[in-house]
There are 2 protein chains.
Amino acid sequence: MSWELTPVQAAACCSPLAREPLSETAAEGIAPLLKALADPVRLRLMSIVASHQGGEACVCDLNDAFELSQPTISHHLKILHEAGLLDREKRGVWVYYRARNEALQNLAALIGGQAR
Amino acid sequence: MSWELTPVQAAACCSPLAREPLSETAAEGIAPLLKALADPVRLRLMSIVASHQGGEACVCDLNDAFELSQPTISHHLKILHEAGLLDREKRGVWVYYRARNEALQNLAALIGGQAR
DNA sequence: CCAAGACATAGACACATGTAAATATTTACA
DNA sequence: TGTAAATATTTACATGTGTCTATGTCTTGG
């Protein structure tokens, strides 16, 4: 439904935590974004993709980086994608995920932004 | 046990996500910090405390800001405190929580830090 | 010392989450 | 067309999480 915001969009529309209290709605919008990052496997996935050459990585590479089943990695990638942290592009048989830098920037600004 | 790192300390010792892949150990250290923030109530608690005059707030004020039971708020505050995001100080009958700015800064740098 | 108020802890319960096995889907190529 | 490879989806299950009620622990005032 097009009128709903992705978590990433939600994070873009608030003052930093230390500036003013978050509204209930804003907090409920942002929490899923942090939840998406708040898992060791997904943190590593994000860092692998984001730091990879070209800012993107193939699922085949990602699977190899963990001792987890392929469906589990796929599951985590889906969560990061739906949160708006990873873009997804299919090229041939392979799927490439790309880190959305803007998303990370917005989130960082929300968390670390100065009070004034 | 003094040799264990709080999540906050863990976040301080890594390059930004976009610079290089997080080690498994690092990811496992940092995830709890994000988990602590990844809840609407705790996000609002952090923002209320961090944006409050003096950077601190009394539990009595925090309870009033939510329609949740007092033990529930106490539970959330404990999680934020144990993650290293809030400092706790008892003054008389009241308990004051104070935002650890350094913690938020480190986390923001980890998430939003530039690749190079 | 006792009662009341502020806050924390314990226990219980519904619900969410991470994982794997099995299966489906899509694509390329012989 | 049919087979193999890459990725996603479904289902199931053990574990984790948010919340409440009941109760405990401090601290202060009387």
Side-chain angles (χ1 to χ4, degrees), chain A residues 7 22 24-25 27-49 52 56-83 85-98, chain B residues 7 22 24-25 27-46 48-49 52 56-98:
Chain A
L22 242 46
E24 186 172 352
T25 331
E28 283 169 353
I30 297 165
L33 182 57
L34 285 160
K35 248 180 196 172
L37 270 185
D39 175 274
V41 173
R42 292 197 290 270
L43 261 182
R44 291 182 66 202
L45 281 171
M46 272 305 296
S47 72
I48 292 176
V49 173
H52 200 266
E56 69 176 15
C58 170
V59 174
C60 52
D61 298 329
L62 301 173
N63 280 327
D64 294 346
F66 298 84
E67 295 196 340
L68 291 170
S69 70
Q70 174 266 319
T72 295
I73 300 298
S74 187
H75 164 73
H76 285 304
L77 288 171
K78 183 181 188 178
I79 289 178
L80 290 168
H81 174 58
E82 286 178 344
L85 288 164
L86 288 182
D87 277 338
R88 187 178 180 283
E89 188 187 354
K90 185 159 190 175
R91 298 209 287 270
V93 187
W94 297 279
V95 172
Y96 291 81
Y97 283 90
R98 170 177 295 272
Chain B
L22 242 47
E24 185 172 354
T25 333
E28 283 169 354
I30 296 165
L33 181 57
L34 284 161
K35 247 180 197 173
L37 269 184
D39 176 275
V41 174
R42 292 197 289 271
L43 261 183
R44 291 181 65 202
L45 282 170
M46 273 305 295
I48 293 175
V49 172
H52 201 265
E56 69 176 16
C58 171
V59 174
C60 50
D61 298 327
L62 299 174
N63 281 326
D64 294 346
F66 297 84
E67 296 196 338
L68 291 170
S69 71
Q70 173 264 318
T72 295
I73 300 297
S74 188
H75 165 74
H76 286 302
L77 288 171
K78 183 181 187 178
I79 289 178
L80 289 168
H81 173 58
E82 287 179 343
L85 288 165
L86 289 181
D87 277 338
R88 189 180 180 280
E89 188 187 354
K90 185 160 189 174
R91 296 208 287 268
V93 187
W94 295 280
V95 171
Y96 291 82
Y97 282 90
R98 171 178 295 272

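The basis for the numbers below is simple: all heavy atoms, side chains too, and nothing from hydrogens, waters or symmetry mates. Below, chain A is the first sequence line, B the second, and so on; all start at residue 1.
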Residue pairs involving residues 57-66 of chain A (criterion side chain to side chain donor-acceptor pair (under 3.5 Å); sequence neighbours excluded): none
Gap between atoms NZ and P, on B/K90 and C/dA8 respectively (whole Å): 8 Å
Sugar-phosphate, base or nothing in reach of B/I73, heavy atoms under 4.0 Å: nothing
Terminal axes of the helix from C/dC1-D/dG30 to C/dA30-D/dT1 (five pairs each): angle between them, nearest 10 degrees: 20°
Minimum-distance pair of heavy atoms, taken over all atoms of A/Y97 and A/V49: O-CG1, 3.3 Å
Toward the 5' end of DNA chain D, by each residue's nearest nucleotide, A/W94 or A/P71: A/W94
Shortest non-hydrogen separation from A/I48 to A/A65 and the atoms involved: CD1-CB, 3.8 Å
Closest heavy-atom pair and its distance - B/A57, B/L62: CB-CD2, 4.2 Å
Check: B/V59 and B/W94 side chains under 4.5 Å, non-hydrogen atoms: no
Point-to-point distance, once rounded to the nearest 0.5 Å, from CD of A/E67 to CD1 of A/I73: 11.0 Å
Gap between atoms CG and C1', on B/L62 and C/dA6 respectively (whole Å): 13 Å
Between NE2 on residue B/H81 and CG on residue B/D87, distance to nearest 0.5 Å: 7.0 Å
Contact state string [nucleotides 12-18 of chain C, B base, S sugar-phosphate only, - no protein heavy atom under 4.0 Å]: -----SS
Segment of DNA chain D, first to last nucleotide, that comes within the 4.0 Å heavy-atom reach of chain A: D/dA6 to D/dT9
Can you give me every donor-acceptor pair (side chain of residues 32-45 of chain B, partner residue at least two apart or in another chain, under 3.5 Å) with its distance?
unit_1 : atom_1 : unit_2 : atom_2 : d
B/D39  : OD1    : B/V41  : N      : 2.8
B/D39  : OD1    : B/R42  : N      : 3.2
B/R42  : NE     : B/A36  : O      : 2.6
B/R42  : NH1    : B/H76  : ND1    : 3.0
B/R42  : NH2    : B/K35  : O      : 3.2

Touch class at under 4.0 angstrom, heavy-atom based, for B/R91 against every strand present: nothing
Any residue meeting side chain to side chain donor-acceptor pair (under 3.5 Å) with B/E89, in chain and number order, not counting sequence neighbours: B/R91
OP1 or OP2 of C/dT9 under 4.0 Å from side-chain N/O of B/K78: yes
Nearest-0.5 Å distance that lies between atom CG in A/L85 and atom CZ in A/R98: 15.0 Å
Close side-chain approach of B/E24 to B/E28, heavy-atom, < 4.5 Å: yes
Touch class at under 4.0 angstrom, heavy-atom based, for A/Y97 against every strand present: sugar-phosphate
